[in-house]
K.L.:
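Have a look at this one before I ask anything.
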Protein chains: 2
Amino acid sequence: MKPRKQIPAYRNICELLARRIKSGELRQGDAVSSERDLAAEFGVSLMTARHALQVLTTEGLLSRRPSVGTYVAPAKIHFNKLASFTEEMLARGYKPESRVLSATLTSQNDEVCSKLCLPAGSNLNRMQRLRLTGGEPFSIETCYLSAQRFDGILAQDFELKSLFSIISEVYGVTISYADEEIDATSADPKTARLLKVRPGSPILRIRQLLYGSTTPIIYSTALYRSDRHSLLVRRFR
Amino acid sequence: MKPRKQIPAYRNICELLARRIKSGELRQGDAVSSERDLAAEFGVSLMTARHALQVLTTEGLLSRRPSVGTYVAPAKIHFNKLASFTEEMLARGYKPESRVLSATLTSQNDEVCSKLCLPAGSNLNRMQRLRLTGGEPFSIETCYLSAQRFDGILAQDFELKSLFSIISEVYGVTISYADEEIDATSADPKTARLLKVRPGSPILRIRQLLYGSTTPIIYSTALYRSDRHSLLVRRFR
DNA sequence: AAGTGGTCTAGACCACGGC
DNA sequence: CCGTGGTCTAGACCACTTC
């Protein structure tokens, strides 16, 4: 009988392989153990080993060739790299600033709960920040995180440290990717005042669901002055 | 013994469900049969039914909520990879339409010339199309191509065939990727009239530079009704 | 308590690629 | 021919939500 663990067996395999790839022990084009070898090595069934390889494949780390084997995928140039506001501004040579507009608990947002895979009515940390560069307003960002998992996070100083670094250093959670929904909207009076634009001005809205490994961690809505910001994306055929 | 088929069982389930979703028989938020019900219905094992649901989930058609059920995901039109308007709409089960607003030669656009790596003042094919689905306007697209390289392309029937297929079949050029710049703007009177929105309404603008292997081929600006379109992007850390 | 998705077992046959 | 990934079976237990 296997000792029952909290973390699934396939996750352990995933993490081991991911570590080997990220450390450089396994490099682009290298073959990884076959399903059957992995199953034997970890003492799991074929299905479980297979599941691990499948997960890493959809994450883009591995590439499977039927009848041939499983290989470490080419290190993708992530043109569309996910970066925090702080990182992005520093990279462009701006001095990023952040003003916290609010930081409260809420349990009234079932839409966000479901996006974060939390039970409806769960407590959420909600914080709103105004982003500035060179003293000029740039965007308004609203973030939601599980209040249970990130207990006490609202006490942190978000004007000093980025949310990414706090959840990483204090809570041990690393963001790995984000799904973003991008559309256009108009500035309502409050937004207009904060961003110093005329009410009704076009606003670029980016709604992100940020994932740590495979679980959604943060839901965020950002409203950008569209005269100050445009999003660059590279898409492949 | 089951009769061996060429197409996998889970594919059949996928296609049936996908058809029901695209036809409108199953709509956003509707529950789909559970793994167990599907397995019984199709006479397959749990794993197989589960696989079908998993595939449709990663394709974005379904959304699974543990302990609750599997639901039809919000039918947002989303652009994961680079596809033509025609391809995108067909994949979503919509009937794409296109109305050519203009198709002319111009030599007055040096900004586009430089983006396409052409000498300033070069002749350009310029065509403007109104995109519709279900008879309702969706976006306005303006494309520029080198008049020299794509001589005579304006004589093609763009309401029948996609630009992608014409440049591929007639000129032997395959699009491989695109760099996009995304921002928000407001509808000017002409745009508003064509898209049937109020002047000043928020508009999502996507400016693309499309590359064939490594050379820029097409420059295009698209204006989307932001109530009908949002862009989905996945970004990695 | 019933139902759901998530994980897992211990096997099986297939088509295909490389030797 | 052998190893590979792709598909599939017929079960199982778990944690969780809903009633």
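Predicted, not measured: the structure shown is a model, and the values here were computed from it. Proteins get letters first, then strands, A, B, ... in listed order; numbering begins at 1 in each. FYI, side chains are in, hydrogens and waters are out, and symmetry mates aren't considered; it's all heavy atoms of this structure.
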K.L.:
Tell me whether the OP1 or OP2 atom of dT7(D) has a side-chain N or O from Tyr10(B) closer than 4.0 Å.
P.N.:
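Answer yes for this pair, as a side-chain N or O of Tyr10(B) is under 4.0 Å from OP1 or OP2.
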
K.L.:
Between Asn12(A) (CG) and dT7(C) (C1'), how many Å, whole number?
P.N.:
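Nearest whole value for this atom pair: 13 Å.
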
K.L.:
For Thr57(A), what residues pass the side-chain contact (heavy atoms from CB on, under 4.5 Å) criterion, not counting sequence neighbours?
P.N.:
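Leu62(A), Arg64(A).
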
K.L.:
Rounded to whole angstroms, how far apart are CZ on Phe42(A) and P on dC8(C)?
P.N.:
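Roughly 13 Å, once rounded to whole Å.
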
K.L.:
How would you list, by chain and number, every residue that makes a side chain to side chain donor-acceptor pair (under 3.5 Å) with Ser107(A), sequence neighbours excluded?
P.N.:
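Partners of Ser107(A) under the side chain to side chain donor-acceptor pair (under 3.5 Å) test: none.
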
K.L.:
When you match Met47(A) and Gly69(A) each to their closest nucleotide on DNA chain D, which lands nearer the 5' end?
P.N.:
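The residue whose closest nucleotide sits nearer the 5' end is Gly69(A).
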
K.L.:
Please give, in whole Å, the distance from dA10(D) P to Arg50(B) CZ?
P.N.:
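After rounding, the gap between these two atoms is 18 Å.
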
K.L.:
Set out, in order, the CA-CA distance, both residues' side-chain angles and the distance that settles side chain to side chain contact (heavy atoms under 4.5 Å, CB included) for Phe164(A) and Leu210(A), then state yes or no.
P.N.:
CA-CA 10 Å; Phe164(A) 274 34; Leu210(A) 295 110; 3.6 Å; yes

K.L.:
Within this structure, what is the CZ-to-P distance between Arg11(A) and dG6(C), rounded to whole angstrom?
P.N.:
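Rounded to the whole Å, the gap is 13 Å.
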
K.L.:
Quickly work out the Leu53(B) CG to dT4(C) P distance and round it to whole Å.
P.N.:
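Interatomic distance, CG of Leu53(B) to P of dT4(C): 12 Å.
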
K.L.:
Looking at dG5(D), does its base get a donor-acceptor pair with the side chain of Arg36(A) below 3.5 Å?
P.N.:
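Pair found.
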
K.L.:
If the condition is ring pair (Phe, Tyr, Trp, His ring centres under 6.0 Å), which residues does Tyr219(A) pass it with, not counting sequence neighbours?
P.N.:
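With sequence neighbours excluded, Tyr219(A) shows a ring pair (Phe, Tyr, Trp, His ring centres under 6.0 Å) to no residue whatsoever.
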
K.L.:
It should be established whether Ser45(A) places a side-chain nitrogen or oxygen under 4.0 Å from OP1 or OP2 of nucleotide dG11(C).
P.N.:
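Checking Ser45(A) against dG11(C): no side-chain N or O falls below 4.0 Å of OP1 or OP2.
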
K.L.:
Listed by chain and number, what are the salt bridge (Lys or Arg N to Asp or Glu O under 4.0 Å) partners of Glu169(A), not counting sequence neighbours?
P.N.:
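Salt bridge (Lys or Arg N to Asp or Glu O under 4.0 Å) check on Glu169(A) returns Lys161(A).
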
K.L.:
Restricting to nitrogen or oxygen on both sides, can you table the protein-nucleotides 16-19 of chain D pairs closer than 3.5 Å?
P.N.:
| residue | atom | partner | partner atom | Å |
| --- | --- | --- | --- | --- |
| dC16(D) | O2 | Ser67(B) | OG | 3.1 |

K.L.:
On DNA chain C, does the nearest nucleotide to Asp37(B) precede the nearest nucleotide to Leu46(B) from the 5' side, or the other way round? Give the residue.
P.N.:
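Its nucleotide being nearer the 5' end, the pick is Asp37(B).
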
K.L.:
Can you give me every donor-acceptor pair (side chain of residues 46-53 of chain A, partner residue at least two apart or in another chain, under 3.5 Å) with its distance?
P.N.:
| residue | atom | partner | partner atom | Å |
| --- | --- | --- | --- | --- |
| Thr48(A) | OG1 | Ser45(A) | OG | 3.4 |
| Arg50(A) | NH1 | Glu35(A) | OE2 | 2.4 |

K.L.:
Among dT7(D), dG5(D), dG5(C), which nucleotide sits nearest the side chain of Glu35(A)?
P.N.:
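Per side-chain heavy atoms of Glu35(A), the pick is dG5(D).
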
K.L.:
Cut-off 3.5 Å, side chains only: do Glu159(A) and Ser98(A) have a donor facing an acceptor?
P.N.:
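Distance-only check fails for Glu159(A) and Ser98(A).
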
K.L.:
Rounded to whole angstrom units, what separation is found between the CD atom of Gln54(B) and the C1' atom of dT7(C)?
P.N.:
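Rounded to whole Å, this separation is 11 Å.
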
K.L.:
Over how many whole Å does the gap from His51(A) atom NE2 to dC8(C) atom C1' extend?
P.N.:
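Rounding to the nearest Å, NE2 of His51(A) and C1' of dC8(C) are 10 Å apart.
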
K.L.:
Applying salt bridge (Lys or Arg N to Asp or Glu O under 4.0 Å) as the test, list every pair that has at least one member in residues 10-21 of chain B; sequence neighbours left out.
P.N.:
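Sorted pair list: Arg20(B)-Glu25(B).
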
K.L.:
For Ser114(A) and Glu111(A), work out which heavy atoms get closest and say how close.
P.N.:
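Taking Ser114(A) first and Glu111(A) second, the nearest heavy atoms are OG-O, 3.1 Å.
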
K.L.:
So, using ring pair (Phe, Tyr, Trp, His ring centres under 6.0 Å) as the criterion, who are the partners of Tyr171(B) when residues are at least two apart?
P.N.:
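Checked Tyr171(B) against ring pair (Phe, Tyr, Trp, His ring centres under 6.0 Å); matches are Phe150(B).
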
K.L.:
To the nearest 10 degrees, how far apart in direction are the end axes of the helix from dA1(C)-dT18(D) to dG18(C)-dC1(D), each fit to five base pairs?
P.N.:
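Computed from the C1' atoms at both ends, the axes differ by 0°.
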
K.L.:
Using whole Å, what does the distance between atom C1' of nucleotide dG5(D) and atom CG of Leu38(A) come to?
P.N.:
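Result: 13 Å.
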
K.L.:
Which sits closer to the 5' end of DNA chain C, Ala49(A) or Ser34(B), going by the nucleotide each is nearest to?
P.N.:
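In this pair, the answer is Ser34(B).
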
K.L.:
Considering only side-chain heavy atoms of Arg64(B), which listed nucleotide, dG6(C), dC8(C), dC8(D), is closest?
P.N.:
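Nearest nucleotide to the side chain: dG6(C).
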
